[in-house]
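Below, all heavy atoms of this structure are taken into account, side chains as well, without hydrogens, waters or symmetry copies.
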Amino acid sequence: MDNQSGTVTELFGRESALTTVAHHTTAARRGAGGQAVLVRGARGSGKSAVLRRAAATESRAGTTLVSAVGRGERLPLAVARRLLVQAGVIVPELDGLAAADLYRVYRGMWRDVVTLAERTPVCLMLDDLDACDDATVRWIDFVVRRLGDEPISLVLSHFAPLPVELARAHVVELEPLTTPQVADMILTTLDFPPDAIFTSMCLRLSGGIPRHLTTVLADIRAARALRQESVELVAARRLRDQPAHLRAIAAALVVVDSEELVGPLAGVSARVAETGISALRNQHLLGDGLPDHVREWYRAGVLEVLDPAEVTDLRHRAAIALDESGHDVRAVADQLVHLPAVDTPWMSQILHEAATTGPAQDAARYLRRLVELHPDDVELRVQLATELSRHDPGEACEHLAAAFHRTTDPDLRAALAVKHALTGRTRTFLRLAKDPALSEDLATLLDAVQLSIDLDDVHAVSGAVAKAVPPKARDTTAQRCLLGVVAEATMRGGGSIDTAVGYARAALADPDALTDWSMLSAASVLRVAGHTGEALAVLDRAVDAFSHNGDSLAHSRSLVQRALVHMSLGDLVKATKDATAAVQAMREGGWQLPRAVILLAWLSVQTGNTPLAVRLLDEVDEDDIRHLTPTHREYLRTSAWLAFQQDEVPLAADRMTACATVLTATGLSDPSTLPSWTDIVQVLTLAGRDATAALREVDRLAKAWPTREAVAFSLLARAYTTQGTAALDMAKAASDGFAAVPSLLRQARTELLLGQRWTGAGQARQARAHLRTAVGLALRAGSRTLADSARTMLLGVGGRMRVPSTADGLAVLTASERKVVELAAAGVTNRAIADHLFVTLRTVEVHLTRAYRKLGISSRAELADVLAS
């Protein structure tokens with residue numbers, strides 16, 4: 001019988017079987033006459049566990065128990081000999097005996113058992129009777145037919161047909177577990193109550209067979225997830241228990257997924273194929289109803305019942321059958337990619353044709369197989385790299401490098417170098433591709449890509465900015481690409497704001513051009529220059545276009561840039577949505593985009609999801625991004641804010657100091673770093689450290705690019721480091737500046753600072769006004785952390801406010817202000833509001849003015865949107 005380890009779980013749902021077996025063995029032991037019980041069920045259904053439990057019961061009752069398990073023996077009476085020798089009964093060898101002699105041996109063995117029963121009750125227990133030699137099975141039938149008044153019981157089990165009927169044996173069928181029984185077993189094994197979906201999945205995966213369900217649950221418990229190898233193991237074990245024709249039908253259906261072709265491939269008639277498919281589905285042996293990825297694992301396990309050569313032959317025949325029956329070319333190609341040799345012209349043609357249709361990932365599978373067959377075909381490698389660059393840039397770069405080394409054509413080498421550089425963000429082949437014979441457009445494109453990559457590199461950015469020169473003309477895509485990155489270089493070097501914006505707009509003049517790297521450079525210039533509407537229009541177009549064409553890497557980069565625009569406007573909800581989508585696409589594609597991870601971590605800190613921020617930053621290896629200036633600075637800034645939120649102020653200051661070092665190392669006057677420098681000033685000041693150098697940098701950058709937001713940053717930084725009335729004036733001016741952008745989050749921070757300073761000055765009434773405004777702005781921005789900080793301080797200075805939610809931005813208003821706002825949003829005039837509320841017109845105007853400030857809006861027209869949101 002099976003070992004003891006799975007007994008407990010294999011007995012789930014077997015209570016009635018145990019009761020029935022115990023009833024018959026007890027009756028025999030107490031003199032009610034001989035009894036025979038046949039326990040029948042699939043492998044793993046608990047037969048052995050039932051027999052083990054019955055054996056334990058009989059042993060405790062003093063019964064003479066002899067047991068054995070069939071092991072596929074063929075020698076006559078081999079199993080009976082193992083069984084009876086335990087009771088001292090010797091079974092003779094049967095070699096050369098005639099049928100009459102066999103009958104005599106059977107009688108002698110039976111008399112010996114009866115003699116044993118005269119002393120104590122006897123229980124003969126045989127597990128897997130169908131795996132016993134034929135002579136033993138026939139002797140068991142001989143015994144069952146002769147059972148009389150003797151205290152003898154037989155407990156037998158089998159799952160395959162037997163050569164005898166055992167007509168007098170009582171049959172106990174072990175049916176598959178029901179849904180409630182599966183749920184009970186899950187609860188007992190995993191210690192949590194499962195929902196209907198999880199229970200259904202486990203039932204379909206295991207077929208309700210306790211042993212297979214035990215394997216599945218043990219895997220989940222050990223790995224905290226369902227693993228592919230475990231699913232495949234369960235599928236293969238379950239299918240091996242089936243008759244040969246059902247195994248063939250299952251394998252054929254898994255391969256072709258077309259029921260009309262199953263019969264020919266499995267070598268059975270259409271009627272047998274139809275009946276077999278129905279039987280397999282009834283037993284959940286085809287993975288139907290499982291989640292898609294689990295179903296694919298399960299189907300892979302089905303094929304494991306065949307030898308590899310058999311699978312190859314089946315797929316080869318399936319490809320021919322699918323092609324001849326007119327199925328979609330991709331269905332044929334799906335068989336060919338698995339063959340070890342695609343050695344006929346029609347097969348290559350099928351793969352080529354399939355690669356031109358369908359999703360990019362499918363096309364990559366077909367092209368990859370062709371490249372394996374034709375490794376020196378440059379065109380094939382480029383085609384494959386183009387498909388892979390959308391979701392697997394690492395492998396795409398490998399094929400582009402291989403193609404580069406396999407051609408001497410200057411234009412093709414330049415195009416490959418550009419593609420390789422953009423896909424892997426590396427300069428490896430750009431200099432090698434320089435050639436006097438290159439066309440002007442390709443030479444311009446090489447320069448543009450070189451500049452784009454240099455702008456990210458801490459070691460190259462300063463020199464790249466100094467050398468950046470716009471193209472003489474702006475007519476071609478290559479020239480506009482160069483113009484886009486020159487616009488960013490101009491900004492990063494602190495050049496003229498009008499010049500940089502002019503370059504950016506010219507670079508984006510062609511709405512049909514889709515070059516994510518230069519578009520993103522131009523959009524970032526527009527964002528920093530305060531033209532957020534233009535930047536969003538560009539990025540909305542880019543996100544939509546790259547989503548539709550399947551370029552997930554460009555799509556993710558565009559999402560990150562759009563999130564930065566939303567963030568600058570203070571809309572953390574939209575920013576988080578975009579950053580989350582970018583990170584999800586990155587993980588699904590299996591490639592690295594650390595800037596997306598860091599951005600989502602920063603947003604998580606601001607919205608109060610500290611655990612997520614910690615997990616995200618743990619994913620980033622700082623050593624891998626040290627050379628990427630923008631990415632590294634945001635990593636340090638985010639980790640500093642995370643430390644600050646965790647009340648580790650000295651650590652936060654250390655991280656901000658490190659961020660300042662990274663920014664200074666570039667030697668640039670980059671206005672896009674103003675938010676970072678302002679944060680550095682704030683944290684260093686709060687930590688009691690010298691922020692003079694950082695403050696000078698903020699002032700210098702604000703003068704280089706004097707946008708309203710830049711001026712507001714400068715005022716805010718000075719307010720952090722200044723005391724008295726001057727600080728209040730600076731903070732008030734900064735708040736007005738951020739309101740004009742608008743930049744809700746920055747305005748909320750500034751209002752919080754005003755509340756803190758008025759509190760310090762002992763002016764509680766003024767403090768409460770600013771703190772209420774800070775809460776309202778923070779809620780509208782989506783910053784739970786900032787809203788909670790402002791509310792806590794508000795309560796500390798005698799203010800009253802119920803616990804607000806980010807869904808209720810009106811929570812910051814007083815009751816009177818809210819009444820006025822609701823009437824105004826409905827279109828009621830100020831005079832009518834005053835009459836309705838029995839207040840003066842001046843009171844209504846004051847309430848509206850205060851409400852506008854708290855809500856971060858400037859007109860009555862915006863009230864309806866605020867209430868709707």
Side-chain angles (χ1 to χ4, degrees), residues 254-258 292-293 295-296 299-300 315-316 318-320 322-323 325-404 406-407 412 415-416 418-424 514-516 542-558 584-593:
V254 164
V255 165
V256 296
D257 206 17
S258 175
D292 288 344
H293 69 287
R295 181 172 180 265
E296 290 307 310
R299 290 160 74 88
R315 290 198 179 280
H316 187 273
I320 295 173
L322 288 165
D323 188 43
S325 59
H327 278 71
D328 186 278
V329 68
R330 282 177 292 166
V332 184
D334 284 339
Q335 303 302 326
L336 297 179
V337 292
H338 294 289
L339 299 182
V342 180
D343 48 11
T344 58
W346 76 270
M347 291 181 176
S348 294
Q349 178 60 35
I350 288 288
L351 290 172
H352 274 287
E353 189 176 343
T356 62
T357 60
Q361 289 181 330
D362 285 345
R365 286 197 301 120
Y366 309 138
L367 290 168
R368 192 182 286 112
R369 192 72 185 90
L370 287 169
V371 167
E372 290 173 4
L373 299 167
H374 310 288
D376 294 325
D377 190 323
V378 172
E379 184 178 348
L380 264 181
R381 284 193 180 271
V382 173
Q383 191 178 355
L384 173 57
T386 300
E387 299 295 347
L388 287 171
S389 65
R390 301 175 186 274
H391 57 86
D392 190 347
E395 187 181 349
C397 284
E398 292 176 11
H399 290 288
L400 290 169
F404 186 90
R406 284 172 167 81
T407 183
L412 180 54
L416 289 170
V418 166
K419 202 169 188 65
H420 185 274
L422 293 175
T423 303
L514 285 178
T515 49
D516 71 297
V543 168
D544 185 61
F546 292 125
S547 174
H548 281 89
N549 74 9
D551 192 340
S552 62
L553 185 55
H555 181 235
S556 296
R557 288 171 176 162
S558 302
Q584 182 177 350
M586 176 199 78
R587 287 173 175 159
E588 290 174 354
W591 30 265
Q592 297 297 314
L593 191 60

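Closest non-hydrogen pair, M586 versus S556, comes out as N-OG, 4.4 Å. Scanning both residues, D334 and R315, for their nearest heavy atoms gives O-NH1, 4.5 Å. When all heavy atoms of L384 and A364 are compared, the closest pair comes out as CD1-O, 3.4 Å. Scanning both residues, A319 and Q335, for their nearest heavy atoms gives CB-CB, 3.8 Å. When all heavy atoms are compared, the tightest approach of V342 to S348 is CG1-N, 4.0 Å. S558 approaches A542 most closely through the heavy-atom pair OG-CB, 3.7 Å.
We find the CG-CZ distance between D376 and R381 to be 7.5 Å, quoted to the nearest 0.5 Å. Considering CD of E398 and NE2 of H420, their distance stands at 9.0 Å, rounded to 0.5 Å. With rounding to the nearest 0.5 Å, the separation of NE2 in H374 from CG in L370 is 6.0 Å. A distance of 12.0 Å separates CG in L388 from CG in L553, rounded to the nearest 0.5 Å. Atom CZ of R557 is separated from atom CG of L422 by 7.5 Å, given to the nearest 0.5 angstrom. Annotation: the span from I350 atom CD1 to L336 atom CG amounts to 7.0 Å, rounded to 0.5 Å.
A salt bridge links D362 with R365: the distance from a Lys NZ or Arg NE/NH1/NH2 to an Asp or Glu carboxylate oxygen falls below 4.0 Å.
The environment of H316 atom NE2 is sparse: at most 12 non-hydrogen atoms of other residues, nucleotides or ligands sit within 6.0 angstrom.
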* Derivation and outcome, side-chain contact (heavy atoms from CB on, under 4.5 Å), residues H548 and D544 -> CA-CA 6 Å; H548 281 89; D544 185 61; 3.0 Å; yes

* Kindly determine whether D257 and R299 satisfy side-chain contact (heavy atoms from CB on, under 4.5 Å), including the steps that lead there. => CA-CA 11 Å; D257 206 17; R299 290 160 74 88; 3.7 Å; yes

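The closest donor-acceptor contact from the side chain of H555 to the backbone of D551 lies at 3.5 Å or more, if one exists at all. With hydrogens and angles disregarded, a donor-acceptor distance shorter than 3.5 Å links the side chain of R369 to the backbone of L339.
Using modelled atom types and a 3.5 Å distance limit, the side chains of E387 and Q383 yield no donor-acceptor pair.
The side-chain heavy atoms of R368 and V337, taken from C-beta on, include no pair separated by under 4.5 Å.
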